[in-house]
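What follows is a set of notes on a single structure, which appears directly below.
In what follows, chains carry the letters A, B, and so on, assigned in the order in which the sequence lines appear, proteins first and then strands, with residues in each chain numbered from 1.
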Number of protein chains: 2
Amino acid sequence: MADVNRGSNPLFLRDDDLREGIELLFFAYRDFTARPDAILAEYGFGRAHHRVIYFVGRHPGITVKELLAILKITKQSLARVLRQLVTKGFIEQHQGVQDRRQRLLHLTPRGEELEAKLTENQRSRIARAYREAGADAVAGYRSVLAGMVDDEDRERLNRPRPPS
Amino acid sequence: MADVNRGSNPLFLRDDDLREGIELLFFAYRDFTARPDAILAEYGFGRAHHRVIYFVGRHPGITVKELLAILKITKQSLARVLRQLVTKGFIEQHQGVQDRRQRLLHLTPRGEELEAKLTENQRSRIARAYREAGADAVAGYRSVLAGMVDDEDRERLNRPRPPS
DNA sequence: CGATTTACGTCAGCCATGTTGACATATATG
DNA sequence: CATATATGTCAACATGGCTGACGTAAATCG
């Protein structure tokens with residue numbers, strides 16, 4: 001129990017260290033979503049809308065199926081927020097060309113505007129944390145978090161558009 | 001736009017890098033909570049119960065007020081899950097000694113059992129990610145996430161019990 | 001070509017968990 | 001004694017998950 005923790009010793013798996021890691025994730029996520037949530041409320045939207053706007057912005061032309069795989073929610077849950085976003089003019093659906101069953105999703109200019117507004121806040125928060133922590137720390141952040149993500153999505157991370 | 005990203009160059013704040021950081025947080029959180037959520041469902045509980053059980057376990061004798069400050073939810077929201085946890089015998093409330101208005105919260109043996117079961121899963125997930133990434137990466141993970149947490153809670157992180 | 005699968009949508013209802021607002025009680029504090 | 005604090009409670013509402021059932025159009029398979 002002596003001093004087997006932080007530093008270069010690879011055996012840092014004390015319960016307290018692990019709990020700190022858990023809490024960091026909880027607090028960071030809590031504070032990371034607070035501002036966007038407040039902005040969304042002004043539009044009558046919620047966090048679910050943000051996720052949809054975010055990933056459609058990130059993957060223009062994404063299909064509903066792909067979006068469902070990312071969000072890991074049911075199509076009924078997605079349909080509800082998607083319908084609102086389409087109705088209010090933030091997202092457009094275009095029929096697929098190769099597969100006409102698909103509804104390819106795109107942000108409208110209005111959607112892009114909101115996306116930028118929402119994500120700007122998170123980008124600047126991350127940017128600040130990155131800057132303060134330094135490049136090596138960023139690499140560590142990335143590799144630890146990537147290690148927590150289930151395999152199926154790990155690949156998605158550095159490859160914005162799946163080969164479709 | 002050349003190669004100003006990962007490595008030792010401090011100017012890595014490209015939009016894509018920041019977005020990757022955002023997505024890492026989203027995916028890690030999503031996968032981090034999936035298993036505990038499934039276990040909780042067997043007890044008729046949800047994620048909110050987990051958070052209460054977790055922080056009461058982490059800070060035995062915590063007051064309701066302190067717990068509210070950590071969770072950042074309303075007392076009405078907390079009261080609902082707390083009542084269920086007390087009723088079902090997972091948490092005990094003891095009147096404070098110095099301040100008898102307080103209800104100090106403790107896990108019962110049964111509560112500790114569930115806490116262990118839930119958190120074990122997250123601990124092992126973190127432990128694996130820590131092991132695979134290495135000690136330096138862990139330090140980076142900690143410092144970047146800490147930088148994202150609002151000031152008021154940053155101090156809480158390495159100091160399990162506030163001076164109360 | 002016909003049967004089946006796939007992509008997507010929709011209706012209905014349920015549950016968990018957040019919110020606001022109002023009010024009550026016991027205790028501490030000035 | 002007046003006021004502030006810690007806690008609890010009732011009621012109503014919104015968001016965003018879920019299941020189950022059903023429908024349609026288009027692709028794919030045998």
Side-chain angles (χ1 to χ4, degrees), chain A residues 26 29-30 33-34 36-56 61-88 91-105 162 164, chain B residues 26 29-30 33-34 36-54 56 61-88 91-105 164:
Chain A
F26 168 73
Y29 196 85
R30 183 198 62 179
T33 50
D37 282 356
I39 296 169
L40 288 156
E42 298 168 15
Y43 291 76
F45 291 152
R47 196 176 294 183
H49 300 84
H50 186 189
R51 295 200 269 254
V52 171
I53 287 178
Y54 178 87
F55 283 108
V56 170
I62 192 174
T63 66
V64 172
K65 190 190 180 186
E66 288 166 345
L67 191 50
L68 286 173
I70 288 178
L71 299 175
K72 284 193 183 167
I73 58 176
T74 60
K75 66 174 175 177
Q76 295 92 326
S77 296
L78 175 58
R80 188 162 36 200
V81 302
L82 197 50
R83 196 184 319 130
Q84 295 168 339
L85 288 168
V86 170
T87 302
K88 294 194 180 173
I91 283 185
E92 281 176 354
Q93 295 170 302
H94 302 297
Q95 195 168 44
V97 271
Q98 285 156 21
D99 186 335
R100 293 188 307 174
R101 291 171 302 180
Q102 299 177 334
R103 299 298 147 87
L104 310 182
L105 306 173
S164 98
Chain B
F26 168 73
Y29 197 84
R30 184 198 62 178
T33 49
D37 282 356
I39 296 170
L40 288 155
E42 298 169 15
Y43 290 77
F45 292 151
R47 197 175 293 183
H49 300 84
H50 187 189
R51 295 200 270 254
V52 171
I53 286 178
Y54 178 87
V56 170
I62 193 175
T63 66
V64 171
K65 190 190 181 186
E66 287 166 345
L67 192 50
L68 285 172
I70 289 178
L71 299 174
K72 285 192 184 168
I73 59 175
T74 59
K75 65 175 176 176
Q76 295 92 326
S77 296
L78 174 58
R80 188 163 35 202
V81 302
L82 197 49
R83 197 184 318 129
Q84 294 168 341
L85 288 168
V86 170
T87 302
K88 293 193 181 176
I91 284 185
E92 281 176 352
Q93 294 171 302
H94 302 296
Q95 195 168 45
V97 271
Q98 286 157 21
D99 186 335
R100 293 189 306 175
R101 292 171 302 181
Q102 298 177 335
R103 299 298 148 89
L104 309 183
L105 306 174
S164 100

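- Among the atoms of the strands shown, base atoms are found under 4.0 Å from some heavy atom of Arg80(B).
- With hydrogens and angles ignored, a donor-acceptor pair closer than 3.5 Å exists between the side chain of Arg101(B) and the base of dT5(D).
- For NZ of Lys65(A), the number of neighbouring non-hydrogen atoms (other residues, nucleotides, ligands) closer than 6.0 Å is 12 at most.
- For the pair Lys75(A) NZ and dT24(D) P, the interatomic distance rounds to 14 Å; values are reported in whole Å.
- Mapping Val64(A) and Gly46(B) onto DNA chain C by nearest heavy atom places Val64(A) at the nucleotide closer to the 5' end.
- For the pair Gln102(B) and Gln95(A), both in contact range of DNA chain D, the more 5′-proximal nearest nucleotide belongs to Gln102(B).
- Rounded to 10°, the angle separating the first-five-pair axis and the last-five-pair axis of the helix from dC1(C)-dG30(D) to dG30(C)-dC1(D) equals 30°.
- A donor-acceptor contact under 3.5 Å links the side chain of Gln76(B) to the base of dG21(C).
- Nearest to the side chain of Thr74(B), among dC18(D), dA21(D), dT20(C), sits dT20(C).
- For Arg103(B), whose side chain is taken as the heavy atoms from C-beta onward, the closest listed nucleotide among dG16(D), dT7(D), dA21(D) is dT7(D).
- Taking OH of Tyr29(B) as the start and OG1 of Thr33(A) as the end, the distance is 8.0 Å to the nearest 0.5 Å.
- Counting any heavy atom pair closer than 4.0 Å across all strands shown, Gln93(B) reaches sugar-phosphate atoms only and no base atom.
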